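Note that ligands are numbered from 1 as they come in the structure, with each ligand's atoms numbered from 1 the same way. The model shown is predicted, which means the values in this text are computed figures rather than measured ones.
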Amino acid sequence: MSLTLKPRNPVRAKISSVGSYVPPRLLTNADLEKMVATDDKWITERTGIRERHLVDKGIGSSDLAAEAAKVCLARRGIDASEVEAIIVATVTPDMAFPATACLVQNKIGAPHAWGFDLSAACSGFPYALQVGAKLVESGAHKKVLVIGADVMSSIIDYTDRATCIIFGDGAGAVLLEPCEEGEIGLIDYHHEIDGSGAPSLNMPAGGSLLPASHATVDAKQHFVHQDGQAVYKFAVRKMSEIAETLLTRNGITGADLGCFIPHQANKRIILSTAERLGVEESRVIINIDRYGNTTAGTIPLAMNTALDEHRIKKGDLVLLASVGAGFTAATTLLRWEI
Ligand code: UT7
């Protein structure tokens, strides 16, 4: 392995803590069998999902985000008053405005933080991670909370078997801080967007183009609409393509990775990407069986799974990768410093 570190600012950013939260209520494949024409075998074989967690009425993304943030800060042993910025990646904000970040700031009690939301669907967390890292690397801030949170159940049509089996609710948070002497932290990233993919995965109404009306509700335009096969084909190709670009640029291969933490949209997409990159399966973090696709929540939730299962350790090279609505695509290379 010959990791090539690009010259950059003297300040490097690292992930110094992780936390996650999912609501307690479960929706299993057996439950879905009673709701739509589907079966456990189809869902498990085509997606890898067995169950997902869903919120009860009255719980929004800010609630999940705040719980994940509290776990993250408690693990680091610091008070929310030390947090200087909060970035929440979500496509299911509590409301159009104010930003979910404002609601989280109030819920966790972070009087010295500013913040904002970032909308990039399944790539929301890695995009927010880079924005947060830039705040640290510029020297502007020393403690930045980056959160991925989605209540997908709020925009899913539970009579549509093509989408209702996939998504779940959940949130994950990381704290970004400057590296200590000898640490490397976040190394490099490669992001892309391709807006020609917008028709393949979207929620058509409720924005400025098609404001909410009786007609949009009747036409079910406030739910997720997905051309599953089109997204699948793009994701399988793009996820490995961007990851390969990043690894090559940094002088390493998939075999050098201690851990691959991909977005959890479909187990087949994850395994195909891992195979193309040459990452052995034991180093791939997969928890889609337990959580489904929680959109911006998947990668930090999977980081938490990696920690819980002792499958990641200080010094490991870690690759993150995601593809989602937009289309958006993201991949991040980092050294784990916890
Ligand atoms: O994170 C955001 C990014 N999203 C993704 O990455 C999702 C990417 N796409 C996928 O993961 C897959 O395309 C799906 C899981 C959504 C669908 O799997 P597929 O293997 O592409 O299935 P399909 O859409 O090609 O449908 C195959 C058959 C169809 O029946 P016919 O036309 O062959 O008779 C569907 O009607 O499976 C049928 N089907 C189902 N059957 C049982 C579709 N949904 C279901 C279901 N249960 N829930």
Which of these, Arg46, Glu45, Glu33, Gln264, has its nearest heavy atom closest to atom 27 (C) of ligand 1?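 Ranked by closest heavy atom to atom 27 (C) of ligand 1, first place is Arg46.
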Would you mind checking which non-hydrogen protein atom is closest to [atom], with the distance to 0.1 Å?
{"atom": "atom 38 (C) of ligand 1", "answer": "Arg161 NH2, 3.6 Å"}
{"atom": "atom 11 (O) of ligand 1", "answer": "Asn266 ND2, 2.7 Å"}
{"atom": "atom 2 (C) of ligand 1", "answer": "Cys122 SG, 3.2 Å"}
{"atom": "atom 5 (C) of ligand 1", "answer": "Val231 CG1, 3.5 Å"}
{"atom": "atom 39 (N) of ligand 1", "answer": "Trp42 CZ2, 3.4 Å"}
{"atom": "atom 4 (N) of ligand 1", "answer": "Gln226 OE1, 3.1 Å"}

Taking atom CD1 of Ile338 as the centre, does the number of heavy atoms from other residues, nucleotides or ligands within less than 6.0 Å exceed 12?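 Above 12, so yes.
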State the [atom1]-[atom2] distance between [X] and [Y], to the nearest 0.5 angstrom.
{"X": "Ile299", "Y": "Ser322", "atom1": "CD1", "atom2": "OG", "value": "4.5 Å"}
{"X": "Asp316", "Y": "Leu257", "atom1": "CG", "atom2": "CG", "value": "9.5 Å"}
{"X": "Ile286", "Y": "Ile288", "atom1": "CD1", "atom2": "CD1", "value": "8.5 Å"}

Which segment of Ile43 sits under 4.0 Å of ligand 1 when only heavy atoms are counted: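 For Ile43, there is no contact with ligand 1 at all, from either part.
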Contact partition for Tyr232 relative to ligand 1, non-hydrogen atoms under 4.0 Å: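 The part of Tyr232 near ligand 1 is both the backbone and the side chain.
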So, for [atom], does the protein have a heavy atom nearer than 4.0 Å?
{"atom": "atom 29 (C) of ligand 1", "result": "no"}
{"atom": "atom 36 (O) of ligand 1", "result": "yes"}
{"atom": "atom 32 (O) of ligand 1", "result": "no"}
{"atom": "atom 46 (C) of ligand 1", "result": "yes"}

Closer than 4.0 Å to some heavy atom of [X] - which atoms of ligand 1 meet that?
{"X": "Asn293", "value": "1 (O), 2 (C)"}
{"X": "Thr47", "value": "15 (C)"}
{"X": "Ile269", "value": "6 (O)"}
{"X": "His263", "value": "1 (O)"}
{"X": "Gln229", "value": "13 (O), 21 (O), 23 (P), 25 (O)"}
{"X": "Ala265", "value": "1 (O), 5 (C), 6 (O)"}

Test Arg249 against Glu244 for salt bridge (Lys or Arg N to Asp or Glu O under 4.0 Å), laying out the working first. CA-CA 8 Å; Arg249 190 160 79 202; Glu244 197 70 62; over 6 Å; no
My understanding is that only one of Asp289, Asn287, Ile49, Thr305 makes a side chain to side chain contact (heavy atoms under 4.5 Å, CB included) with Gln264; could you say which?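 The residue from Asp289, Asn287, Ile49, Thr305 that satisfies side chain to side chain contact (heavy atoms under 4.5 Å, CB included) with Gln264 turns out to be Asn287.
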contact_flag Leu201 ligand 1 heavy-atom lt 4.0 Å: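 Yes, Leu201 has a heavy atom closer than 4.0 Å to ligand 1.
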Is it true that Ile166 lies under 4.0 Å from ligand 1, counting heavy atoms only?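 Per 4.0 Å heavy-atom rule, Ile166 contacts ligand 1.
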Taking the ring of His191 and the ring of Tyr189, is the distance between their centroids below 6.0 Å?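 Ring centres of His191 and Tyr189 closer than 6.0 Å.
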Between ligand 1 and Gly228, is the shortest N or O to N or O distance under 3.5 Å?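 N/O-N/O distance below 3.5 Å exists for this pair.
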Option among Thr90, Thr295, Thr298, Thr294 that satisfies the side-chain hydrogen bond (donor to acceptor under 3.5 Å, both in side chains) test with Asp150: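 Result: among Thr90, Thr295, Thr298, Thr294, Thr90 is the only option passing the side-chain hydrogen bond (donor to acceptor under 3.5 Å, both in side chains) with Asp150.
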Classify the angle between the aromatic ring planes of Phe234 and Phe327 as parallel (below 30°), tilted (30 to 60°) or perpendicular (above 60°).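 Judged by the thresholds at 30° and 60°, the geometry between Phe234 and Phe327 is parallel.
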Honestly curious: do Val146 and Trp114 fall in one hydrophobic cluster under the side-chain, below-4.5 Å linking rule?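 Yes, because Val146 and Trp114 connect within a single hydrophobic cluster, where side-chain heavy atoms sit under 4.5 Å apart.
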Using the salt bridge (Lys or Arg N to Asp or Glu O under 4.0 Å) rule, take Asp169 and Arg52 through it: C-alpha gap first, then chi angles, then the decisive distance, then the call. CA-CA 7 Å; Asp169 303 337; Arg52 333 90 197 107; over 6 Å; no
Mind checking whether Leu307 and Arg75 have side chains closer than 4.5 Å, heavy atoms only?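 Sidechains of Arg75 and Leu307: in contact.
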Do Ser62 and Asp94 have side-chain atoms, one donor and one acceptor, less than 3.5 Å apart?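 Result is yes, a qualifying pair exists.
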